[in-house]
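What follows is one structure encoded as structure tokens, with my remarks underneath.
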Protein chains: 2
Amino acid sequence: MHKNELMEQRESKDYLSQLTLDCVILGFNEGELKVLLLRWKETQEWSLPGGPILQSESIDAAAYRILKERTGLNDIFLKQFHTFGEQPRYNLAEIQEKLKHLIDPEIWYKRAVTIGYYALVDYAKVSPQPDELTVECKWWDIKEIPQLLFDHNHIIQLALQALQIEINLQPIGYNLLPEKFTMPELQRLYETILDRKLDPRNFYKKIISLGILTRLKERRKGVSHKAPYLYKFDKAAYEAKLKEGGLSFL
Amino acid sequence: MHKNELMEQRESKDYLSQLTLDCVILGFNEGELKVLLLRWKETQEWSLPGGPILQSESIDAAAYRILKERTGLNDIFLKQFHTFGEQPRYNLAEIQEKLKHLIDPEIWYKRAVTIGYYALVDYAKVSPQPDELTVECKWWDIKEIPQLLFDHNHIIQLALQALQIEINLQPIGYNLLPEKFTMPELQRLYETILDRKLDPRNFYKKIISLGILTRLKERRKGVSHKAPYLYKFDKAAYEAKLKEGGLSFL
DNA sequence: CTATCATTATGTAATTATTACACAATGGAA
DNA sequence: TTCCATTGTGTAATAATTACATAATGATAG
């Protein structure tokens, strides 16, 4: 491309894109993975939280901003997993029609690129907040997600795939559980993410052998069966192991 | 964000970004990983191939376009690995100074986002072509890369990390070698990517046990030592194994 | 108070995968 | 013909993964 062409392009802004970000915010409750979705004003249409990235911020900062706005949480496990720039990413006319009461159809760019992040949060600590274009923000069971706006079903699908790989590389379980948790809870989390049953004896051995868990004296009370022990993630041990290099998970 | 704000934003184009793409094109020659770099006109400055993504194309299509332009190749293993949107990504003033003879400093946007792809190609099949802003396109040994423009050293670093993970999930070796190759060549490729020595007997066992390699009757000739067998990647067997689900690599 | 229910906690043996390790064979060059 | 560099290959030891079953316990219901 020649200097003049570049200048012309800049003039026409042809090479600029609408750059947005979408967050797949995941929590874990009652043995199921949950994802936080927003319902748009005056419709029954749902989508992922997200929005434009401002010129003044890095894309990571934008992701943290959106997370903070929707969940109230600051320190969150957040990871970019894919950038979506198909052409077209979704049926533009359909979206224009569905959301015309909210957004002038003119505003939709032909090609919108969105950067996908997933976040892992402690379900109990989140207070879901809708944004300016939406009226409802709530958790959905990952297995009961409706048809979403844009290509958001697809984005969630890829986020879950990325998570299945990540679970082998990091103790991500600990981001999704409260500070104290039981072994069966942790196992159920792994089973949900990996989408397969695990043997409790082998799971216990494996997890314990990582040496990054502390068993407390306490047990969970109020369950109508043998009370399970509570465990805590031992962050210091984890950091130490990481430095030594040797840490792989399931 | 309210409708009016969105309209205002659109007017000012504040939420639009310069969206570019950079390709880490990797080849393998003489036992070393090579990366294709471009030297800019009238300077000694090098960078990765890349450029703006056009409004009319998907980001994957843009990556294939750039690859085709720089290498002449069509069918290429190409993978998006990360999107870079730090703020700032690099020292803008420095870049403006270095490239002012080519590009009006005005043209540089404050925040540029680039999508990183890596490509794996057969070194021998590539005929490197510079683009409009560059005069030289050539392979560099991965271990001898100079200080590059922008944040391109960083981008290469992350591409190599992504490749180290990918090598466990796919037989990517075959994209980097010619159709026929020897076992020691394949081993050296793995050693280079993983950056560690492998035992030849264990490597042989492991690779053969995947069952996706065919040993030919032929041997490589003209070497002043025992002539090694040639192997071919058995694509049919690979596809079959993939379907059955069970395929993991090193 | 006791029996029942649901669930937790845990060990061992078999299988499979990984690692460690050494030397004879061979093609070309000297 | 000898020498050199490199290829081709097997076995034993160790480590990791899988398969598998039962006693303990806390709450609840009778």
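Note that this is a predicted model, so its numbers are computed, not measured.
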**Asked** Taking B:T134 for the side chain and B:P130 for the main chain, is one N or O donor matched with an acceptor at less than 3.5 Å?
**Response**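 Not confirmed, B:T134 side chain does not pair with B:P130 backbone.
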**Message:** My understanding is that only residues two or more places apart in sequence, or in another chain, count here; which of them pass side-chain contact (heavy atoms from CB on, under 4.5 Å) with B:E218?
**Reply:**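 Scan of B:E218 (side-chain contact (heavy atoms from CB on, under 4.5 Å), adjacent residues dropped) gives B:K180, B:L216, B:L230.
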Give a yes or no on whether a salt bridge exists between [X] and [Y], defined as a side-chain N under 4.0 angstrom from a carboxylate O.
X      : Y      : result
A:E166 : A:K79  : yes
B:E185 : B:R220 : yes
B:R39  : B:E45  : no
B:D141 : B:K143 : no

**Request:** Mind checking A:K205 for me? I need base, sugar-phosphate or nothing, with any heavy atom below 4.0 Å counting as a touch.
**Result:**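 Result for A:K205 = base.
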**Prompt:** Checking all strands, does A:R220 fall into the base, sugar-phosphate, or nothing category for heavy-atom contacts under 4.0 angstrom?
**Reply:**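 Since no nucleic acid heavy atom lies under 4.0 Å of A:R220, the category is nothing.
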**Message:** So that I know where these two stand, are B:Y117 and B:F81 an aromatic pair - ring centroids less than 6.0 Å apart?
**Reply:**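 Here the rings of B:F81 and B:Y117 have centres that are no less than 6.0 Å from each other.
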**Request:** Go through the steps for A:L33 and A:Y123 under the test side-chain contact (heavy atoms from CB on, under 4.5 Å), then give the verdict.
**Result:** CA-CA 10 Å; A:L33 262 189; A:Y123 182 90; over 6 Å; no
**Request:** Calculate, to the nearest 0.5 Å, the distance between atoms CG and CD1 belonging to A:L120 and A:I172 respectively.
**Result:**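 If I round to the nearest 0.5 Å, the distance is 5.5 Å.
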**Item:** Whether over 12 other heavy atoms sit under 6.0 Å from B:E239 CD
**Value:**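 Yes, the 6.0 Å shell around CD holds more than 12 heavy atoms from other groups.
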**Stem regions touching DNA chain C, defined by at least 3 consecutive Watson-Crick or wobble G-U pairs below 3.5 angstrom** =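 Correct response: C:1-30 with D:1-30.
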**Prompt:** Counting only non-hydrogen atoms, which of residues 174-188 of chain B are less than 4.0 Å from DNA chain C?
**Reply:**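 DNA chain C contact set from residues 174-188 of chain B: none.
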Figure out the [atom1]/[atom2] separation between [X] and [N], and round it to whole Å.
X      : N      : atom1 : atom2 : answer
A:K206 : C:dA17 : NZ    : P     : 14 Å
A:N202 : C:dA9  : CG    : C1'   : 14 Å
A:F203 : C:dA9  : CZ    : C1'   : 14 Å

Counting only pairs under 3.5 Å, give me each side-chain donor-acceptor contact of residues 146-165 of chain B, with atom names and distances, residues two or more places apart or in other chains.
| residue | atom | partner | partner atom | Å |
| --- | --- | --- | --- | --- |
| B:D151 | OD1 | B:R89 | NE | 3.4 |
| B:D151 | OD1 | B:R89 | NH2 | 2.7 |
| B:D151 | OD2 | B:R89 | NE | 2.8 |
| B:H152 | ND1 | B:L48 | N | 2.9 |
| B:H152 | NE2 | B:D22 | OD1 | 3.4 |
| B:H152 | NE2 | B:D22 | OD2 | 3.4 |
| B:N153 | OD1 | B:L148 | N | 2.8 |
| B:N153 | ND2 | B:P146 | O | 3.0 |
| B:Q164 | NE2 | B:I193 | O | 2.9 |

**Prompt:** Could you go step by step and tell me if B:L37 and B:K138 meet the side-chain contact (heavy atoms from CB on, under 4.5 Å) rule?
**Reply:** CA-CA 6 Å; B:L37 297 178; B:K138 72 161 199 180; over 6 Å; no
Pull out every protein N or O sitting under 3.5 Å from an N or O of nucleotides 23-26 of chain C, one pair per line with the distance.
| residue | atom | partner | partner atom | Å |
| --- | --- | --- | --- | --- |
| C:dT26 | O2 | B:K226 | N | 2.8 |

**Request:** State, yes or no, whether a side-chain contact exists between A:K125 and A:L73 at a heavy-atom distance under 4.5 Å.
**Result:**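 Touching, per the 4.5 Å side-chain cut-off.
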**Prompt:** Which two nucleotides bound the region of DNA chain D that has atoms under 4.0 Å from heavy atoms of chain B, read 5' to 3'?
**Reply:**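 Extent of the interface on DNA chain D: D:dA5 to D:dT11.
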